[in-house]
Amino acid sequence: MLTVRERQREAEEVAAELHTAFQEVGITLPSIGVDAVSCASGYLAPLVELGRCNLDTARRLAGVLVDHARSLAAGHGPEERRS
């Protein structure tokens, strides 16, 4: 079982990964962070808060997700590229 500090560190790492991934597609979520209460819990999984964003950012995020879903449907997903 992970300690509170280990759970916090893991959640911070995942939040940083998400922040970097969003930046790579030109999206900034200014409120992304870790929910400290969930990290302190012994029975809940740590949570990453994506926070709030403006309408332009929400549309851009939706567009990235739709584009990705279309590429997977067309057989050009990450699994196909590894071959």
Side-chain angles (χ1 to χ4, degrees):
M1 185 166 174
L2 296 177
T3 66
V4 170
R5 181 64 195 133
E6 290 169 331
R7 291 166 58 88
Q8 177 81 23
R9 188 176 311 120
E10 183 178 20
E12 288 169 355
E13 289 171 4
V14 172
E17 289 173 26
L18 274 171
H19 178 75
T20 299
F22 283 129
Q23 281 187 324
E24 288 180 10
V25 294
I27 294 174
T28 300
L29 295 178
S31 302
I32 195 167
V34 174
D35 175 53
V37 173
S38 67
C39 290
S41 171
Y43 59 94
L44 294 175
L47 300 174
V48 173
E49 294 185 34
L50 299 180
R52 302 181 317 177
C53 64
N54 63 34
L55 295 179
D56 180 56
T57 300
R59 282 190 179 108
R60 290 175 57 201
L61 180 55
V64 168
L65 292 171
V66 167
D67 289 348
H68 180 70
R70 287 182 182 149
S71 72
L72 290 177
H76 299 289
E79 297 80 20
E80 304 299 323
R81 284 184 231 139
R82 289 186 204 138
S83 303

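Note that the coordinates shown come from a computational prediction; the quantities given were computed from them, not determined experimentally.
Formation of a donor-acceptor pair under 3.5 Å by the T57 side chain with backbone atoms of C53 is not found in this model. Using a distance-only test at 3.5 Å, with no hydrogens or angles considered, a donor-acceptor pair links the side chain of R7 to the main chain of S41.
Not counting sequence neighbours, the partners of E10 by the side chain to side chain contact (heavy atoms under 4.5 Å, CB included) test are L2. Residues forming a side chain to side chain donor-acceptor pair (under 3.5 Å) with D56 (at least two apart in sequence, or on another chain): none. Residues satisfying the side chain to side chain donor-acceptor pair (under 3.5 Å) test with T3, not counting sequence neighbours, are E6.
V64 has its side chain out of reach of F22: every pair of non-hydrogen atoms, C-beta onward, lies at least 4.5 Å apart. L18 places a side-chain heavy atom less than 4.5 Å from the side chain of L50.
None of Q8, E12, R9 except one satisfies the side chain to side chain contact (heavy atoms under 4.5 Å, CB included) rule with C39; the exception is Q8.
The distance from the CG atom of L65 to the CD1 atom of I27 is 7.5 Å, given to the nearest 0.5 Å. The distance from atom OG1 of T28 to atom CD of Q23, rounded to the nearest 0.5 Å, is 6.0 Å. Atoms CD1 and CD, from I32 and E17 in turn, are 10.5 Å apart once rounded to the nearest 0.5 Å. Rounding to the nearest 0.5 Å places CD of E49 at 7.5 Å from OG of S38.
Hydrophobic clustering (ILVMFWY, side-chain heavy atoms < 4.5 Å, transitive): L72 and L61 are in distinct clusters.
The two atoms that bring A15 and V34 nearest to each other are CB-CG2, 4.2 Å, heavy atoms only. Nearest heavy-atom pair across A11 and V48 is O-CG2, 3.9 Å.
Within a 6.0 Å sphere centred on CZ of R5, heavy atoms belonging to other residues, nucleotides or ligands number more than 12.
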